[in-house]
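What follows is a short report on a single structure.
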Amino acid sequence: MDFSWNEEQRVFRQTVRDFLARHLPADWESLAHGPGSASQTAFSRKFCAHLASAGLLIPHWPARWGGRDADPWTAFLLAEEMWAAGEPRGGQYMNVNWIGPTLMRFGTPEQQARHIPPMARGETLWCQGFSEPEAGSDLASLRTRAEPVDGGYRINGQKIWTSYAGEAETCFLLARTAPGKGGISIFLIPMDTPGITVRQIPSVIGEGDIHEVFLDDVWVPADAMLGTEGQGWSIVGAALSLERVGIPRFALAARMLDRAVGKLKRSGAFVGGVPTQAARAKAACDMSRLCAYGIIDRRRHGVPAGPEASAARYATVLAERAVAEFVVEHCPDALAGGDPMLLAHHQRAIVAGIASGAAEIQLNLIATDLLQLPREPR
Amino acid sequence: MDFRLNDDQLTLATALDRLADGYREKPIEFHGFALSAEGLDQDLSDAEFFDIATFPDLGPVAAALAVERLARLPYAAETALSMLVRPHLRGGTLPRPFALVENGQAGRFVAQARTLLIRTGETWEIAHPGSGDVTAVETIFAYPMGRLTGSVGRLPLSPAEAATVRRWVRVAIAAEAAGLIQAAIDSTVTHLSDRKQFGRPLGSFQALRHRMAECAVLVGGLHWLALRAAATADDGDAALAAFQAQDCGARVAYELHQMLGAMGMTLEHPLHLWTYRLKGLLSLMGGREAQAGAVGIHCFPSETQRNGHGAG
Ligand SMILES: Cc1cc2nc3c(=O)[nH]c(=O)nc-3n(C[C@H](O)[C@H](O)[C@H](O)COP(=O)(O)OP(=O)(O)OC[C@H]3O[C@@H](n4cnc5c(N)ncnc54)[C@H](O)[C@@H]3O)c2cc1C
């Protein structure tokens, strides 16, 4: 058992940091409103193209698609550094983590040739059209319908909470072609297809993140379907298994906690009960980090993630919450204009327990699959 | 980063589990707090388990794993200080059992110990007590407890030795707490799976499932914090692990008893053999505020240092 980084990993992390130091503008922290904002999306297009030229966008992808088959640690180190810096890749991290790899596995040669190279060059933004007004945690109850028509499908329905939808070129959309889980299919749809309307939802989490997407008689050709009719649920299961650990949120949380404690120490306010609260937040961040590393270590050795992945996700929720609560109590001025990065973190930390599988759903999975408690009656 | 055990560590884990098999059940007739077995100490000693931290390819990580695993037994044995502190002090030559005496208070294994680590405020001393120097005391903590009552000769520890002891006592607290909490959770899961109310197992009620799941996440995290601290021997990692042990320990002990209902109040059910040992760890080394103070010093950049970014 070894808790240190090897030489190659240290060098790689430093390479990424050097890249960030060179390519993030001086006012980056006030630009980083969150990965969905227009300003950040515009920045990300240039930034990701630079990352791609430096070989730092998709190192873990197969060489055939422009990567260098790097191991899961490399991908995770990269993700940590990016998230800790405020995610300058914007929504393109989804391409890198799961959309690209899912197309490599399930796409037709034509779909691959069309969609993967722009992702590998860092030129294109996707959005994920899963959630609907009536289908949140219970995603399989989604209602958006895709009916076969001449040469393709006609899609009607509504998506909601769709990140990046206002800026994305393409949507990875789930729609129903028949009842039940086995009736869900995936469509890869250009966002400028007639019949698609996007409306931004004002939110407490920052500019431009979440949207409603309306689909009114949207016609797509048959070759927009990924996999076969009804294969959507199993493809999504495989796709999301690439994302089991989720975003390394602890990396930014820990950095923001360091910053907050630094401010408090400098102003002589790191006294009384403050160190105990700081230690609690620090422990939460490190537990989240180590639980995530446990999953990456399994992936590295070809062992399935198992229910520990849900535990790692929940540990992240605890970490985000602890740091957010610490900062709002002890550094309120930083949130009132004093520090844009602490503000951006605070605004987005609340998302950890909701997006991509709510906290309570993780707890249910942990209870059943890790502790092996009896199931809830259905 | 590599979280797998090496071959020697795996072999050790198997051997330890085999040895522990003789001690997994609370004797049905035992209705007390401190359950101990001389045979267990002897078995561990015969197999040289107390020295594994010093063996190449095993080391402190293996020792921490052993402490964690042995804490899962219903029997209280003096493993944590012997396996994790003793090897780092005076070449590992001091006689065991070890015990900690803090600010004149009763301590675990004090009446059995051949080496006492004595902390008075920030001053550390060691002593080798005779039978007239210590008195066994009955307590609710599920350890054999004792008090230093005689005026035994004490030798001061150097500042470097004191720092070493502080660090490894913290690792020992964390590793032992991780094992105690895991065993207490396992015992509670069994109860929640068997016991039915309202026509269904208690464990199918989400109000309990979620709290159990939170406990599982906390102990999973503590496990890694403890092993990391053993591996890095870093003062910050050790303080953080001990902080987490004491911070979540109090909460988990309460939660688990609550979920057992009145059965959790009895001495018949074994739960207290883990939770009331855990309670005995909560105040050690000044308790969580003191660990937090150490975390504040060792884990956060100092006042003058500029915050570097990143995950390091
Ligand atoms: C910032 C952000 C970005 C997002 N981006 C996207 C995106 O790009 N694409 C997309 O498709 N979706 C996106 N989502 C949606 C996200 O996937 C959903 O919010 C999530 O699945 C939860 O669904 P919901 O919000 O409808 O909550 P609900 O399912 O209504 O849940 C509300 C509360 O009830 C709890 N709950 C639900 N079911 C149970 C149960 N069985 N037992 C106990 N408690 C339960 C939940 O845990 C939660 O606390 C995003 C969400 C956020 C916040």
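First the proteins, then the strands, lettered A, B, ... as listed; each starts at 1.
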Using heavy-atom distances under 4.5 Å, tell me whether B:Gln9 contacts chain A through its side chain, its backbone, both, or neither. side chain
Tell me if the CZ atom of B:Phe55 is crowded by more than 12 foreign heavy atoms within 6.0 Å. yes
Kindly say whether A:Ala305 contributes a backbone atom to a donor-acceptor pair with the side chain of A:Arg298 at under 3.5 angstrom? yes
Supply the atom-to-atom distance B:Ile181 CD1 to B:Leu278 CG, rounded to the nearest 0.5 angstrom. 5.0 Å
If we only count heavy atoms from C-beta on, is the A:Asp339 to A:Glu29 side-chain gap below 4.5 Å? yes
Name the one of B:Arg167, B:Arg170, B:Arg166 that satisfies salt bridge (Lys or Arg N to Asp or Glu O under 4.0 Å) with B:Asp235? B:Arg167
Where does A:Arg300 contact chain B at under 4.5 Å (heavy atoms): side chain, backbone, both or neither? neither
If one checks every heavy atom of B:Leu218 against chain A at 4.5 Å, the contacting part turns out to be both
Please determine whether a side-chain nitrogen of the Lys or Arg among B:Asp186 and B:Arg72 lies less than 4.0 Å from a carboxylate oxygen of the Asp or Glu. no
Work out which heavy atom in A:Arg375 is nearest to a heavy atom in B:Arg209; give both atom names and the distance. CA-NH1, 3.9 Å
For chain A, the option from B:Leu65, B:Asn6, B:Leu227 that forms the most heavy-atom pairs under 4.5 Å: B:Leu227
Mark yes or no for whether A:Glu320, through its side chain, and A:Val317, through its backbone, hold a donor-acceptor pair below 3.5 Å. no
With a 4.5 angstrom heavy-atom cut-off, could you sort out which part of B:Gln291 is near chain A: side chain, backbone, both or neither? neither
What are the residues of residues 322-329 of chain A, in order of number, with any heavy atom under 4.5 angstrom from a heavy atom of chain B? none
At a 4.5 Å cut-off on heavy atoms, which part of A:Thr368 comes close to chain B: side chain, backbone, both, or neither? both
Residue part contacting chain B, namely of A:Ile296, when any heavy atom lies under 4.5 Å: neither
Would you say the side chains of A:Asp71 and A:Thr74 form a donor-acceptor pair under 3.5 Å? yes
Tell me, for A:Ala254 versus chain B, whether the close heavy atoms (under 4.5 Å) come from the side chain, the backbone, both or neither. neither
Within the 6.0 Å centroid threshold, strictly below: A:Tyr293 and A:Trp5: yes
Can you confirm whether A:Glu376 is buried at CD, in the sense that more than 12 heavy atoms of other residues, nucleotides or ligands lie under 6.0 Å from that atom? yes
Quick test of your reading of the model: are B:Glu214 and B:Arg211 salt-bridged, counting only N-O distances below 4.0 Å? no
Okay, A:Asp297 and chain B: the region with an atom under 4.5 Å from a heavy atom over there is side chain
Among A:Val16, A:Leu363, A:Leu257, who wins on heavy-atom pairs under 4.5 Å with chain B? A:Leu363
Any luck finding a side-chain donor-acceptor pair between A:His330 and A:Gln277 under 3.5 Å? yes
Give the interface residues of residues 239-248 of chain B toward chain A, defined by a heavy-atom separation under 4.5 Å. B:Leu240, B:Phe243, B:Gln244, B:Asp247
When the 4.5 angstrom heavy-atom criterion is applied to B:Val189 and chain A, the contacting part is both
Using a cut-off of under 4.5 Å on heavy-atom pairs, state which of A:Ala311, A:Ala283, A:Pro275 scores highest against chain B. A:Ala283
List the residues meeting side chain to side chain contact (heavy atoms under 4.5 Å, CB included) with A:Gln14, not counting sequence neighbours, and say none if there are none. A:Arg17, A:Asp18
Indicate the ring-plane relationship of B:Phe3 and B:Trp224, choosing parallel, tilted or perpendicular according to the 30° and 60° boundaries. tilted
Just wondering, do B:Ser193 and A:Leu373 contact through their side chains at under 4.5 Å, heavy atoms? yes
Closest heavy-atom contact between A:Pro59 and A:Phe12? CG-CZ, 4.4 Å
Search all heavy atoms of A:Pro88 against all heavy atoms of A:Leu20 and return the closest pair with its distance. CG-CD2, 3.9 Å
Cut-off 4.5 Å, heavy atoms of chain B, and the answer for A:Thr276 is both
Between A:Arg266 (side chain only) and A:Gly268 (backbone N and O only), is there a donor and an acceptor less than 3.5 Å apart? no
At under 4.5 Å between heavy atoms, what parts of residues 352-362 of chain A are in contact with chain B? List them by residue number. A:Glu360
Positive for side chain to side chain contact (heavy atoms under 4.5 Å, CB included) with B:Leu12, one of B:Leu58, B:Leu5, B:Asp7: B:Leu58
Pick one of side chain, backbone, both or neither for B:Leu208, based on which atoms fall under 4.5 Å of a heavy atom in chain A. neither
Can you tell which part of B:Arg228 gets under 4.5 Å to a heavy atom of chain A, answering side chain, backbone, both or neither? both
